[in-house]
Structure formats: structure tokens, C-alpha cells
Protein chains: 2
Amino acid sequence: MAGVTTAAADSADEPGTDVAPATADVASAAADERPATRGGTGSRGGPTEGGDERPRRARGEQTRQLILETALRLFRERGYTETTMRAIAKEAGVAVGNAYYYFDSKEHLIQGFYDRNQAAHRVAAEPVLTREKDFAARLRGVLHAGIDVNEPYHSFAATFFKSAAEPSSPLSPFSRESSPAREAAIAIFRDVVEGSSAKIDPELRKELPELLWLGWMGVVLFWVYDRSPGQRRTRRLIDGIVPLIDRLVGLSRLRVLRPALRQILALIDSIQRDD
Amino acid sequence: MAGVTTAAADSADEPGTDVAPATADVASAAADERPATRGGTGSRGGPTEGGDERPRRARGEQTRQLILETALRLFRERGYTETTMRAIAKEAGVAVGNAYYYFDSKEHLIQGFYDRNQAAHRVAAEPVLTREKDFAARLRGVLHAGIDVNEPYHSFAATFFKSAAEPSSPLSPFSRESSPAREAAIAIFRDVVEGSSAKIDPELRKELPELLWLGWMGVVLFWVYDRSPGQRRTRRLIDGIVPLIDRLVGLSRLRVLRPALRQILALIDSIQRDD
DNA sequence: CGTCTCTCTTGAACACGTTCAACAACGGGT
DNA sequence: ACCCGTTGTTGAACGTGTTCAAGAGAGACG
């Protein structure tokens, strides 16, 4: 577990600099008029909107990292709710207000944890994806790798999962703010599909990565609720459900089932759309 | 939608007086040593453990109802997070500490809301269950009824859903504390199955109510995240998925699919067990 | 050197959920 | 009457996440 965590630690640079719109109104009732925090989670990168890469504003980046580092360490040591913002600030040697200059809220500190585990999952899945060619083996390996990566954090993952569950929260896996992480996660499952030797119906193939990611979210949900020692029930769920998915995917090419498949895909499409 | 809400409003009396065990340890990590609050959410009914029905301790029950009533009203009017405990106390004309005498926390006030909507779902499902005999029609009607009942509360349901998501929370649908409500909900789906004209594999029939409830939880999850106007995507989901379930259930009696069904049921069983 | 404009930093202050020691009200038991 | 235990009630106080007006630091320009 230490190896994976370390591997993730030095890949601190962010994927893309997607500029999130300033109007982040999520149709909530509260009056949200905050000025988007200079070094905010999703919007750091190019300051003054110019794509300048010169380290002019790099001074604060150090503080930012320091706060994040300290926070994640304390979360791991004491748990999420037990770690106060004052403790983080004190431990990092800054004022409490300073943390709020870089992070909109305590929850936003979790986004860092989020990103890291995402990267760690990618790393842990790599060997499986190069070794295995069978679809079921690939899927199974990737799912287990995901659990491996998250296992050390199960106890406090359950705590902060609470935050992720709120739809309006930026931590929600479906939110716009975590869309880069989501895309990265889906990319893993795209690899699972495309690198596999399985013959898959082309229409299904297109949608499959996203569906597998959704299934993975389901597994994570189960895992969060899983109180069995070592979360072995989750392991059992994976081992049991992968062959079923494999069989279903294999069946997708049968002529007789074509209409049924079409119907299901159409349903998914009509639900995703919002017209 | 107003009709349903009204129907739910005056059925303020609770279903049964199921005595929950006083030791409400949910195997959490935190040190939970609170003395279980005299008039606690699940343990009202017979005081002093004797099944005495005389209204000896009925004095406080009035205050309890007053606080709950006021709280739910304010939640509806202002939203959950916007409603402070101080506001509830003030509006109810009691001290803030008094609310904590009857309810362990602000979240526990939601349990009352929970119970009510559960009962309202039952009521709203009744006409469908007496009218329809076809399995798909019954299921569809019950699901839509559930959404009908919850619709007026969608905006703040999303907020408090956050609480329910935390596994250790008593509000979690899987927690021991909400097991009466869960059983009541499953009972509805048992009605759906048993009153239907559909021929169902007996082994599946036994597990089906719980599975349908689980599916219902999934629908609710989707509904919470559904931002489409009137949550019509959820409606579409229901209309689309019910025929699929119906077809699958019908297929369950086919001889060829027997082994597959067995396998799935065995998987579910092995996951539920924790050995 | 002075001044202006950014980025960055501070810590007191606020509102909130929750706790707790104290007290009031009631209902027997003697 | 008196006491006593239980039930019910109070409001100040604590610790928390978060905000904000104020200022420090560093460069740019004159």
C-alpha cells in the first residue's frame, strides 16, 4: 500500500487546465456570491487568464502544497472529522484564513486526495492492462486494483463519502468540478475494453467504458458500506459479478438479442439527455 | 402533488411501537457513549420497559411532537441547512437544549420526515395495488407513487441525503435504526410480487421483494441527483426499466436459464453473508 | 525613493451544532 | 408535610467551519 501511495505522491501536477466558468450556481437556494478564491481547486494554472507558464505567481503554490500535504497527513492520522482547520493551519505554520485563500472549504481539501487515488488507480491498473488480454481478466484486475488503492483509507473514506454524496457538492463524482477526474477514470475502463480480445457489439462498445465506470461507482458505493474485515465482501462481489458482465457482453453480439440491446441503449440515452 | 402531501400530513400517528434495542452501537470507530436520550427516535412507546400503555410519560410526548412539527415545517419553508436549531427552538417556544432532550441531533429530526414519507408511500401505493394485477403495472405504479410522494421535498431531500449517505449514520437506509422503515418499504414490494398475476420462479420470488427495494433505492439515488425539471428523467428511467425487469422476471422460469439464475442468487447470498 | 497594484497572510469575529450543570415540575412513598 | 427519584427544561458555554477587514510583501513604473 505504501508503494502505490508514494507513486501517486510525486505526480502532483494537474492534468489539464480546464477553465471552469465563474458562475457556479448550482440552483441552490443559498446566496452564493463568493469571488471564486484566487488559487481555487479547479482554476489554478494560468493566472490573469494568459496562458503564461512563467513562475510568476508560483510563490503561493508552495504554501498551497504545504497546506494540502499537511491536511492529507492529518486526515490519515486522525481521521477527517477529527482534524480541525485550526489544527491543519497550526501544523502547517500558517493562519487559518490562509487555508481558505487556497481552498474554498474543508471539503475541497479532499479533492486532492481524490486526484491522488485516481492517479494511483491508473498506476496500479497498468500491469494488469499490459499483461492480460481477456476482457474478464482485465476488468477484474482493474476493479481489484481500485480497491487495493483505496483500502488503506476505508475508514475515513466512509466519512468523507458523505460529502461526495451531496449532488450539489463539487466532490460529487458527477459534478462539473470533478469531471477531469471522472474522465480519467473512464479512460481506464476504455483501456479495459479496447485492449481486450473480446468481440463486442460495436454500439455497445462505444458506451461500455462509461457503463463500466458507473458499475465501478456502484462497487465503490458497496465498498464504502462494506463493514466486513478487509472488505472481503466487496472482493467477492467483484469476483462474482465480473463473469456475469463478461457473459452479457459476449451475448451482445447475438442476433436475437440485438433488439433488446438496442432498447437498453436507447433507454440509457434517453435518460442521459434532458430534453 | 398537493393531495399526496395532505394525505401524508394528517397520518401523524406512527405505525407500530417496535421496541428498538437500547444499545445502538453501529460498530463505529468513534467513542459513542451517550445515554440514549430519554425520548429517542426509535425507542418511544413503552417507558420503564414495562408494556404499560397508561399515559404516564405522555407529558413530554407533546413537546416532542411540537418540536418535530416545527422542525419539519421550517425545513420545508427554508430548507434543511438554512434552518438552525435555535430557530426551531425559538419557533416552538422552547429552549434549544430541549430539542436535544428528544432528538440526539439535528439529523435525527429527519428520521421523522423519513417515517412519514414511508407511510405516505404506502398510502399512495394502495390504490395501484388493489387495482392492478399485472406485475409490471404494479411495479410501475408503486415506483411512480414513491416519486409522487417525495417530489415536493426534492430540493431539500438532496441536502439531507448527504446525511443518509454516511454508512455509520442512523439515517442510512441500511442502518439498524432505520430497519423498521426499511422493512415497511420492503413489505410494499412484497405486496407488488405476491399480488401479481405473474408466474415467477419460486426461488426468485422469495428474494424479489428485497431486490426490488434495492432497485428502488437506486431509483431514489438517481432521483436525488436528477436536476431535470420535475425530475422527468427519473420518470423516464422508471418507465424504461420496469418492462426490462418484467421481462427478466418472466424469463426466470425458463429451464435453460435456471443455472444462471441460481448462480446470481448464490452470488447475492454470498455477498450478504459475512463469513 | 515613493507609490500603486497585485498576491498573499493574518487573526479576530460570526453563526452554527452540540453539551452540560443546574434547576423546575411532577408523582409517589413514608 | 416532607423527601426523593424521575422527567422535563433552561441557557450559557464550547468547539467547529467559515468570513472579512486589515495589513504585509513584492515587484513595476515613474
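In what follows, every heavy atom counts, from backbone to side chain, and hydrogens, waters and symmetry copies are set aside. Below, chain A is the first sequence line, B the second, and so on; all start at residue 1.
Side-chain atoms of A:Ser172 and A:Ser169 form no donor-acceptor pair, as typed in the model, at a separation below 3.5 Å.
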CA sep, side-chain torsions, deciding dist, call: A:Tyr153, A:Phe75, ring pair (Phe, Tyr, Trp, His ring centres under 6.0 Å): CA-CA 10 Å; A:Tyr153 305 97; A:Phe75 288 165; over 10 Å; no

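Atom CG of B:Leu66 is separated from atom P of D:dG8 by 14 Å (rounded to the nearest Å). One can place CZ of B:Arg64 at 15 Å from P of D:dT7, the figure rounded to the nearest angstrom. Taking atom CD1 of residue A:Ile110 and atom P of nucleotide D:dG17, one finds them 12 Å apart after rounding to whole Å. The nearest whole Å value for the distance from the NZ atom in A:Lys90 to the P atom in D:dT16 is 11 Å. The distance from atom CD1 of B:Ile67 to atom P of D:dG8 is 11 Å, rounded to the nearest whole Å. Separating the CE atom of A:Met85 from the P atom of D:dT19 is a distance of 10 Å, rounded to the nearest angstrom. The distance between atom OH of B:Tyr101 and atom C1' of C:dA22, rounded to the nearest whole Å, is 15 Å. One can place NE2 of B:His108 at 16 Å from P of C:dG17, the figure rounded to the nearest angstrom.
Of the candidate nucleotides C:dT10, D:dG17, D:dT10, D:dG17 has the atom nearest to the side chain of A:Thr84. Taking only side-chain atoms of B:Tyr102, from C-beta outward, the nucleotide of C:dT18, C:dT10, D:dT9 with the closest atom is D:dT9. The side chain of A:Ser105 has D:dT18 as its nearest neighbour among D:dT18, D:dT9, C:dT9.
Residue order along DNA chain C, read from the 5' end via each residue's closest nucleotide, puts B:Lys106 first among B:Gly97 and B:Lys106. Comparing A:Thr63 and B:Val96 along DNA chain C, the residue whose closest nucleotide (by nearest heavy atom) sits nearer the 5' end is A:Thr63.
The aromatic rings of B:Trp216 and B:Phe189 lie tilted to each other, with the angle between the two planes from 30° to 60°.
Between the CD atom of A:Gln65 and the OG1 atom of A:Thr63 there is a distance of 10.0 Å, given to the nearest 0.5 Å.
B:Thr83 comes within contact range of the sugar-phosphate backbone alone, with a heavy-atom separation under 4.0 Å but no base atom that close.
Both tests pass for B:Lys106 against the ring of B:Tyr80: distance under 6.0 Å to the centre and angle within 45° of the axis.
Under 4.0 angstrom from either OP1 or OP2 of C:dT19 there lies no side-chain N or O belonging to B:Tyr100.
The base of D:dG15 does not come close enough to the side chain of A:Arg86 for any donor and acceptor atom to sit less than 3.5 Å apart.
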